[in-house]
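Below you'll find the structure, written out as structure tokens, and then a few comments.
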Amino acid sequence: MTKISDVELRRIEMPLVGAFRTSFGTEVVREALLVRVVTDAAEGWGECVVGSEPRYSSEYVASAEDVLRRFLAPALIAAADVDATDVQTVLAGIKGHRMAKGALEMALLDAQLRGTEMSLATFLGGVRETVPVGVSVGIFESIPQLIDAIDGYLADGYLRVKLKIEHGWDVGMVEAVRDHVGYDVGLQVDANTAYARADLDHLLALDDFGLTMVEQPLAGDDLVGHAQLAERMTTPICLDESITSAQVAADAIGMGAAGIVNIKAGRVGGYLEARRVHDVCAELDVPVWCGGMLETGLGRAANLALASLPGFVLPGDISASARYYHRDLTTPFVVEDGHMRVPTGPGLGVAPDPEILEEVTTHTERITR
Ligand code: OSB
Ligand code: MG
């Protein structure tokens, strides 16, 4: 049990090495929110994976900051003694805001595990020292520019490439990339909900290119549409935005809407629920992989711990620090032979560099007992 005395919220802005364009928008600077908790045991860090605008999901930096400041941090501070595994129960009265809750839980987990000198990977039940990694490639101005970028990533050793798609940047683009890289390179696509049920016939054309999966073609709440598509498509459907809990994962799999699941802790309310999603999928024999939200080294460290669980059999969207940032908040993560090392130190196993942290912080506030 841990006593929390302080919760610190830090808004940060980190310039990306290149603009990242998806079907829902373009990010040039990664805006995010860090949560630091100070407890009687140790201090801990959480990364809230919200973006600056509510485009991937309904949460965004200012909404997370507001709900953390007004409701979540005070509720946790008021609970005299709280274990990280109780955070979701303590906060259950507040609806939604999974990314905000997940960040607070992550910070408390980090603090608690530091106190007992256990790594997050060990705590979660990780079984691997390194995990296979891939790269998520945004939408480009032209095919030659895209192919240049892909060649660079393949030279870096990534084990597979995920291509972002949208109307007008899908079948033709995928055909050109497949022609260029050949059939030995794992390719998958991610639509971030860009399509509608009226597009099912069009999406079937993606079956011709040996893709490992098509990620989230339809709206997050359209499980039935995904099941209809899965019925007609040979390429497996992977769900990202749709999977908001272990229960939803079980339901989606049960109705044939998902053959593969992308697990992102922030999207489901934290690493403990993410583990439950993993467990449900393992039970149902559905392969999973670890998604990414352009995290700093803090979130990346936690994602590596999660991806070390046995069901994570597909390469994750876990790329080197240098793929995102000129200077990461932590010691940079690197790719060796298509794999990344799972941190072994207590808690996250990494901490922000104080100087870089100051440089990227645009606002700080503290909620105290
Ligand atoms: O849909 O997987 C997604 C980034 C931001 C928001 C949503 C997604 C992504 C990515 C990037 O694909 C994955 C990464 O962090 O490398
Ligand atoms: Mg996705």
Side-chain angles (χ1 to χ4, degrees), residues 21-24 132 134-140 142-144 146-147 149-151 153-154 158-243 248-249 251-263 281 284-292 311-317:
R21 178 170 158 209
T22 63
S23 62
F24 62 80
V135 63
S136 173
V137 183
I139 294 165
F140 276 69
S142 73
I143 305 267
L146 170 71
I147 284 180
I150 292 172
D151 283 345
Y153 292 132
L154 292 177
Y158 290 107
L159 296 177
R160 57 87 174 141
V161 174
K162 170 168 123 178
L163 303 163
K164 291 290 188 179
I165 58 170
E166 65 178 5
H167 286 281
W169 184 262
D170 49 23
V171 180
M173 178 277 291
V174 170
E175 183 172 21
V177 172
R178 183 53 94 195
D179 275 353
H180 179 76
V181 301
Y183 275 81
D184 287 342
V185 173
L187 283 183
Q188 60 193 74
V189 296
D190 183 3
N192 288 110
T193 77
Y195 299 88
R197 286 195 203 179
D199 300 317
L200 295 201
D201 288 331
H202 174 71
L203 289 166
L204 293 182
L206 291 169
D207 269 341
D208 290 346
F209 308 106
L211 300 175
T212 320
M213 69 192 83
V214 176
E215 183 178 343
Q216 198 70 45
L218 309 176
D221 55 10
D222 194 6
L223 292 182
V224 169
H226 283 103
Q228 289 172 355
L229 179 62
E231 185 78 24
R232 299 179 57 199
M233 214 165 177
T234 56
T235 309
I237 306 295
C238 169
L239 294 183
D240 172 354
E241 282 88 334
S242 290
I243 305 298
V248 172
D251 292 348
I253 293 163
M255 63 195 281
I260 298 177
V261 171
N262 165 331
I263 303 185
C281 293
L284 297 169
D285 252 332
V286 165
V288 303
W289 53 283
C290 184
F312 285 80
V313 294
L314 296 163
D317 276 349

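The model shown is predicted, which means the values in this text are computed figures rather than measured ones.
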query = Does some side-chain heavy atom of H226 sit less than 4.5 Å from a side-chain heavy atom of S242?
reply = yes

request  = For the pair Q216 (side chain) and L218 (backbone), establish whether a donor and an acceptor sit closer than 3.5 Å, ignoring hydrogens and angles.
outcome  = yes

message = Using a 3.5 Å distance criterion without hydrogens, assess whether the side chain of R178 forms a donor-acceptor pair with backbone atoms of V185.
response = yes

remark   = Rounding to 0.5 Å, atoms CG (L146) and NZ (K164) come to a distance of 13.5 Å

task = With the side chain counted from C-beta on, respond yes when H167 and D199 share a heavy-atom pair under 4.5 Å apart, and no when they do not.
result = yes

request  = Spell out, as yes or no, whether a donor-acceptor pair under 3.5 Å connects the side chain of T212 to the backbone of L187.
outcome  = yes

message = Under 3.5 Å, is there a donor on one side chain and an acceptor on the other for D207 and T234?
response = yes

ask   = Is the shortest heavy-atom distance from the side chain of T235 to the side chain of L206 under 4.5 Å?
value = no

Distance in Å, C290 SG paired with L314 CG, rounded so as to fall on 0.5 Å steps = 12.0 Å

key: I150 and L163: CA distance, side-chain angles, deciding distance, side chain to side chain contact (heavy atoms under 4.5 Å, CB included) verdict   = CA-CA 10 Å; I150 292 172; L163 303 163; 3.7 Å; yes

inquiry  = I'd like to check D179 versus F209 (side-chain heavy atoms, cut-off strictly below 4.5 Å). Are they in contact?
reply    = no

ask   = For the residue pair G259 and P287, what are the closest heavy atoms and their distance?
value = O-CD, 3.4 Å

query = Mind checking what makes salt bridge (charged side-chain N to carboxylate O under 4.0 Å, His left out) contact with D317, not counting sequence neighbours?
reply = R160, K162

key: Any donor-acceptor N/O pair, S23 side chain to A191 backbone, under 3.5 Å   = yes

message = Quick check: closest heavy atoms across P132 and L159, and the distance to 0.1 Å?
response = CB-CD1, 3.5 Å

inquiry  = Is the shortest side-chain heavy-atom distance between W289 and I263 below 4.5 Å?
reply    = no

query = Quick one: does V261's side chain get under 4.5 Å of L239's, heavy atoms only?
reply = no

request  = Determine the minimum heavy-atom distance between V248 and I243, stating which atoms define it.
outcome  = CG1-CA, 4.2 Å

request  = Compare every heavy atom of C281 with every heavy atom of I253, then report the nearest pair and how far apart it is.
outcome  = CD1-SG, 3.8 Å

ask   = In terms of the angle between their ring planes, are Y153 and Y158 parallel, tilted or perpendicular, with boundaries placed at 30° and 60°?
value = perpendicular

note = Taking every heavy atom of P217 against every heavy atom of I237, the minimum-distance pair comes out as CD-CG2, 4.4 Å

inquiry  = Ignoring hydrogens, what is the shortest heavy-atom contact between I147 and A176? Give both atom names and the distance.
reply    = CD1-O, 4.1 Å

inquiry  = So L203 and R232, do their side chains get closer than 4.5 Å, heavy atoms only?
reply    = no

Spacing of M255 atom CE and Q228 atom CD [to the nearest 0.5 Å] = 9.0 Å

query = Are side-chain heavy atoms of D222 and T193 found at a separation under 4.5 Å?
reply = no

message = For a side chain to side chain contact (heavy atoms under 4.5 Å, CB included) check, start with the C-alpha distance between Q188 and I260, then their side-chain angles and the critical distance, and finish with the verdict.
response = CA-CA 12 Å; Q188 60 193 74; I260 298 177; over 6 Å; no

request  = Could you give me the CA-CA distance, side-chain angles and deciding distance for V161 and V181, then say whether side chain to side chain contact (heavy atoms under 4.5 Å, CB included) is met?
outcome  = CA-CA 10 Å; V161 174; V181 301; over 6 Å; no

task = For H180, enumerate each residue passing the ring-ring contact (aromatic ring centres under 6.0 Å, His included) test, keeping only those at least two apart in sequence or located in another chain.
result = none

key: Flag, side chain of Y195 to backbone of E166, donor-acceptor distance under 3.5 Å   = yes

